[in-house]
Structures are given as C-alpha cells and as structure tokens.
Amino acid sequence: MADIRAPMEPFRIKTVEPLRPVTRGERESLLKQSGFNVFGIPAEKVTIDLLTDSGTSAMSDDQWAGLLSGDESYAGARNFYHLEESVRSIFGFSHVIPTHQGRAAERVLFGAMVAKGDTVPNNIHFDTTRANVEVLGAQAVDLAAAEAYDPDTDLPFKGDMDVAKLKKLIDKRGRERIPLVMMTVTNNSGGGQPVSLKNIKEVSEVCAHHGIPFYFDACRFAENAWFIKKREKGYAKKSVLEIAQEMFSYADGATMSGKKDALVNIGGFVTFDDDALAEKVKNLLILSEGFPTYGGLAGRDLEAMARGLKEVLDEDYLDYRTGQVAFLGALLDQAGVPVLKPFGGHAVYILADRFLPHIRRAQYPGWALTVALYREYGIRAVEIGGVMFGQKTGKGRAEVYPELEMVRLAIPRRVYTASHLRYVAEALIDLYKNRDKVRGLRIVRESPFLRHFTARLEEI
Ligand SMILES: Cc1ncc(COP(=O)(O)O)c(C=O)c1O
C-alpha cells in the first residue's frame with residue numbers, strides 16, 4: 001500500500017469548537033424524526049459535517065478583526081467600498097452589487113435578463129442556478145462535455161463546456177432566445193472539476209460572435225485558477241491572481257457565492273460592466289435584498305468578504321486545500337471505494353450506485369448512503385443524485401434520473417484536520433465492507449422545487 005501523505009495545514013488553530021459525542025441510538029431516532037433527511041439533523045448532533053463547503057469556512061484572525069471595523073450605516077458603508085475594491089482587483093468589472101448569498105445574485109441577475117421561453121446554457125447548472133432559471137419559465141440546459149459524465153476518465157479539465165454543443169444550441173434556439181451563457185467554475189455538480197482557460201476562451205469567442213453575454217458562476221474561482229496553474233500548459237509561472245484576472249477578462253460578468261472562495265459564512269455578489277443592466281438589477285435588489293451598498297448584508301459581513309477574497313488567492317492555502325481533497329480521495333481509492341476521478345477542488349464524490357449496487361436507482365442509493373453514513377458514524381454528506389436532480393419527465397410522469405448517482409463529501413475550508421479526514425476515510429471503508437446491510441428508500445413527501453432540502457423519506 002502506498003503511503004498517502006496528508007498536506008500540512010498552513011495555519012495554526014487559535015479558537016476551537018468542541019465535537020460532542022452522539023450515540024448511535026440518538027442518531028437513529030433523529031433520522032426517523034427528520035424523515036431520513038440529513039438536512040433535518042441538528043448540526044450539534046453531527047460529528048463530522050461534510051454536507052457542504054458553503055458558508056462553513058473558518059475565518060482567519062484578519063477576517064474576524066475586520067468584523068469589528070464593520071460600518072453599519074444604511075447607505076455607503078466603508079466596507080462596501082472595500083468589497084468593491086477587492087472584487088474589482090480580481091474580477092475587473094465596474095459594477096459590484098452585494099447580495100446575501102449566491103442564489104440571490106442569480107435571482108436578481110436572471111430576473112433582469114431572462115424571460116419566459118428563454119434558454120440558459122451552462123456547463124452544469126448548480127441546483128439553485130437551475131431553479132432560478134426555471135422559476136422564470138426558462139429552460140436550463142447543461143452542456144458539459146461527455147467525459148464529465150464518465151466518472152472513470154481521468155482528465156485535467158472535466159468541467160469544460162462542449163463548444164460544439166453550445167454552437168448547435170445557439171443555431172437551434174436562435175441568439176434572441178439565449179439571454180446569457182453561464183460557466184460554473186469549478187463545476188460543482190459535475191464533481192468539482194475545473195474548466196480550462198482554453199475552454200473559457202473558446203466559449204467566450206462563440207458568445208461574442210453571437211452577441212450573447214457570457215457570465216461565470218464564480219463560487220470556486222480560486223480553486224479553478226489553481227488547477228489551471230497546476231495543469232494547463234503555459235500557466236505554471238503565473239500567479240493565481242493573474243490567472244483569475246485572465247479568466248474574468250473573457251467574460252461579461254459573474255455571480256458569486258462568497259460562502260465558498262470568499263471564505264465567509266454569508267455573502268455573495270454579482271458583478272459586470274453593463275450600466276443599463278445595473279439599473280435593473282439594483283431595482284430588483286432593493287425589492288428583496290436591500291440598498292445596493294449592502295445587499296442584505298451587515299457592513300461587517302462585507303468586510304469579511306472583502307478580506308477573504310484576497311486571502312483565498314494565497315497559493316500555500318490553495319495547495320493545501322486541494323491537497324486535502326486529494327488526500328481523502330486517495331485513501332478511499334486505495335481501499336477500493338468507488339470514487340469519481342480525478343479528485344476535484346472542494347469535495348470527494350462517492351459513486352453511490354457502485355457502492356450500493358443492490359439498491360435500484362428508484363430507491364435512491366446515494367440518499368441511502370447518506371443515511372448510513374450518519375447512522376453508523378455521525379458523518380453528514382449530501383446526495384447529488386436521484387433525489388436532488390430526479391425529474392418526473394418520463395413516460396407516465398416516471399422519474400428520470402441524472403447520469404451520475406453520487407454522494408459528495410464536501411470539505412469545509414480550514415475546518416477539519418488530517419485526522420478528521422482519516423476518520424471519514426476509515427468510516428467509509430468500514431461501511432463499504434458492510435454495504436449489503438444498507439437499505440433503499442422511497443419519498444413520502446416532497447416540494448416542487450429543490451425537493452432534497454425538505455423531502456421526507458422512509459426506508460424500504
Ligand atoms: C456552483 C454553485 N452555484 C451557486 C451556488 C449558490 O450559492 P449560495 O448557497 O450562496 O446561495 C452554489 C452553492 O453551493 C454553488 O455551489
């Protein structure tokens with residue numbers, strides 16, 4: 001067995017948060033109460049929480065210090081100008097409009113750009129992005145290259161968009177029905193896989209040719225830029241900041257959930273150059289988020305985001321960050337646990353249908369794995385499969401499932417140490433040996449949008 005080394009944490013720990021023991025019996029009854037939905041479990045009853053890397057980062061001492069400099073004026077708080085400066089220095093667009101998180105940025109941007117009957121392409125839409133397109137009566141189309149759906153192809157840029165598919169879609173739908181093209185970096189729903197600069201340039205050229213605005217869903221832009229530096233020819237000597245600036249130079253704007261690569265617990269923004277669009281977006285923002293210099297955030301939150309955006313570009317941090325993901329992935333892979341390859345930027349993805357081959361797709365193997373992981377080891381993970389993305393569009397409204405049935409182990413930034421990750425690996429390896437005991441589930445209650453958050457299920 002190869003010796004798998006953990007990356008050293010490039011920080012030391014100044015404040016700690018205890019992990020309290022939870023018995024298996026407690027976990028069992030909590031599962032029943034929550035309708036076998038780990039979103040319904042109180043976080044204090046979770047030992048290792050890998051539900052998401054979103055909003056779960058540990059902030060630095062500098063960010064915490066920034067909170068005390070929060071200017072809580074209604075309009076024109078100084079922290080807004082700090083955020084504006086940070087965003088402009090990386091993204092390069094003139095308008096910086098804060099929102100309380102990423103989906104609010106999507107909502108105000110799409111609300112101003114997208115109409116009923118339109119089509120919005122993306123490499124793969126994240127669930128909130130898809131929902132924010134669909135709620136407007138438009139169609140969200142995923143255009144990732146075929147390899148993105150093959151969990152075994154070890155390619156450096158599996159997040160790339162298929163440019164031929166994009167051209168075909170534009171020809172079919174017509175430019176006037178495509179208000180914008182989105183590109184998600186890294187491609188979360190496709191395994192946290194990066195997009196190459198080559199692909200970004202090509203997509204940008206197609207969009208420019210047809211006069212279609214090109215936007216990034218930029219939540220994990222720094223992780224994406226790091227992979228470009230490590231994997232794409234010609235970028236090894238460029239700084240991550242320079243690479244990020246180049247990425248954004250090919251686009252017309254971006255939405256951003258600061259809860260990922262801005263290293264904050266809440267916050268987001270939308271940024272672009274178009275003045276007329278800014279007016280529309282700000283009008284929508286005022287309706288639901290607030291005045292354009294705070295967008296639903298306290299001044300202190302704006303400050304933390306302004307500082308986090310700069311911190312995330314630290315290359316020792318990004319090396320460790322992606323190293324942690326690779327470390328957990330390698331421990332699992334070496335033990336034969338089926339995982340998506342290559343390992344992405346923020347999470348390890350288990351191939352749940354291979355992990356639990358005795359559970360049919362209609363009984364949600366990914367969901368079953370999340371239930372078993374919590375029940376047996378107190379680990380919370382998220383299903384990215386049939387419950388999250390299943391659609392009743394088949395014959396007789398039968399459910400159609402996404403190509404990949406996965407469980408995502410998302411690693412919060414700067415929160416867990418190598419020994420926490422070893423515990424997770426050992427738990428999964430142990431569960432894999434006892435996989436025959438895991439049971440499938442059926443849905444007993446669901447909502448029409450984003451059903452995974454609130455669905456109730458029962459075991460079969
Ligand atoms: C790719 C992507 N886009 C958008 C979002 C939405 O961001 P938020 O949770 O801040 O609303 C997320 C959140 O996980 C995401 O991963």
Side-chain angles (χ1 to χ4, degrees), residues 39 49-57 83 97-111 120-135 140 142-144 148 158-161 180-195 215-225 227 247 251 253-271 285 288-289 295-297 301-302 304-305 308-309 312 321 325 344-349 380-384 388-389 402 406 408-413 449-450 452-453:
F39 280 100
D49 204 346
L50 306 184
L51 186 69
T52 178
D53 63 317
S54 178
T56 52
S57 301
L83 176 68
I97 302 174
T99 57
H100 80 276
Q101 61 183 93
R103 69 199 67 185
E106 290 160 9
R107 205 171 71 79
V108 292
L109 181 71
F110 297 163
V120 179
N122 203 323
N123 41 356
I124 302 186
H125 286 84
F126 181 66
D127 58 1
T128 61
T129 324
R130 171 174 290 281
N132 271 305
V133 169
E134 289 176 350
V135 80
D142 295 337
L143 297 180
K158 272 170 86 174
D160 283 358
M161 187 181 284
L180 78 165
V181 171
M182 294 286 289
M183 175 77 98
T184 305
V185 290
T186 58
N187 184 14
N188 183 7
S189 306
Q193 302 293 325
V195 176
Y215 276 69
F216 279 104
D217 176 343
C219 308
R220 299 178 181 85
F221 75 94
E223 289 165 7
N224 198 89
F227 282 123
M247 281 165 56
T255 58
M256 170 94 189
S257 166
K259 298 169 74 176
K260 287 81 167 172
D261 273 353
L263 299 171
V264 289
N265 306 120
I266 196 71
F269 56 86
V270 52
T271 180
L285 190 88
S288 62
E289 294 286 295
L297 294 169
D301 299 325
L302 298 169
M305 191 153 57
L309 278 170
V312 79
R321 164 82 182 143
V325 177
H346 65 291
V348 173
Y349 293 69
R380 178 155 66 172
V382 72
E383 184 249 37
I384 302 204
M388 187 181 273
F389 288 122
M406 301 189 288
R408 187 186 71 178
L409 307 168
I411 305 181
R413 293 168 181 78
F449 289 110
L450 302 173
H452 54 287
F453 287 126

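Atoms within each ligand, like the ligands themselves, are counted from 1 in listed order.
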Atom indices of ligand 1 within 4.0 angstrom of [X] heavy atoms, with elements:
{"X": "Arg220", "answer": "1 (C), 15 (C), 16 (O)"}
{"X": "Thr184", "answer": "1 (C)"}
{"X": "Gly102", "answer": "7 (O), 8 (P), 10 (O), 11 (O)"}

Run the salt bridge (Lys or Arg N to Asp or Glu O under 4.0 Å) test against Asp49 and tell me which residues pass, sequence neighbours left out.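 For Asp49 the salt bridge (Lys or Arg N to Asp or Glu O under 4.0 Å) partners, ignoring immediate neighbours, are Arg380.
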So for Cys219, does at least one of its heavy atoms come nearer than 4.0 angstrom to any atom of ligand 1?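 Yes; Cys219 lies near enough to ligand 1 that a heavy-atom distance drops under 4.0 Å.
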Residue pair Arg107 / Ser288, side-chain donor-acceptor N/O under 3.5 Å: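 Present: a donor and an acceptor within the cut-off.
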Indicate whether any N or O donor in one side chain lies under 3.5 Å from an N or O acceptor in the other, for Arg130 and Asn122.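 Side chains of Arg130 and Asn122: no pair found under 3.5 Å.
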Less than 4.0 Å between a side-chain N and a carboxylate O, is that true for Asp53 and Arg413?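 Yes.
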Which heavy atom of the protein is the closest neighbour of [atom], given with residue, atom name and distance?
{"atom": "atom 8 (P) of ligand 1", "answer": "Gln101 NE2, 3.2 Å"}
{"atom": "atom 9 (O) of ligand 1", "answer": "Arg103 NH2, 2.9 Å"}
{"atom": "atom 6 (C) of ligand 1", "answer": "Thr128 OG1, 3.5 Å"}
{"atom": "atom 3 (N) of ligand 1", "answer": "Asp217 OD2, 2.7 Å"}
{"atom": "atom 5 (C) of ligand 1", "answer": "Phe126 CD2, 3.4 Å"}
{"atom": "atom 4 (C) of ligand 1", "answer": "Glu106 OE2, 3.1 Å"}
{"atom": "atom 14 (O) of ligand 1", "answer": "Lys260 NZ, 2.8 Å"}

State, yes or no, whether a side-chain contact exists between Arg103 and Asn132 at a heavy-atom distance under 4.5 Å.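 Yes. Closest side-chain heavy atoms under 4.5 Å.
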Can you tell if the side chain of Glu106 reaches within under 4.5 Å of the side chain of Val133, non-hydrogen atoms only?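 Glu106 vs Val133: side chains apart.
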At their closest point, which heavy atom of Thr184 faces which heavy atom of Val195, and how far apart are they?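 Heavy atoms only, the tightest pair is O-CG2, 3.8 Å.
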Do any N/O atoms on Gly267 end up under 3.5 angstrom from N/O atoms on ligand 1?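 No - when backbone and side-chain N and O of Gly267 are compared with those of ligand 1, no distance drops under 3.5 Å.
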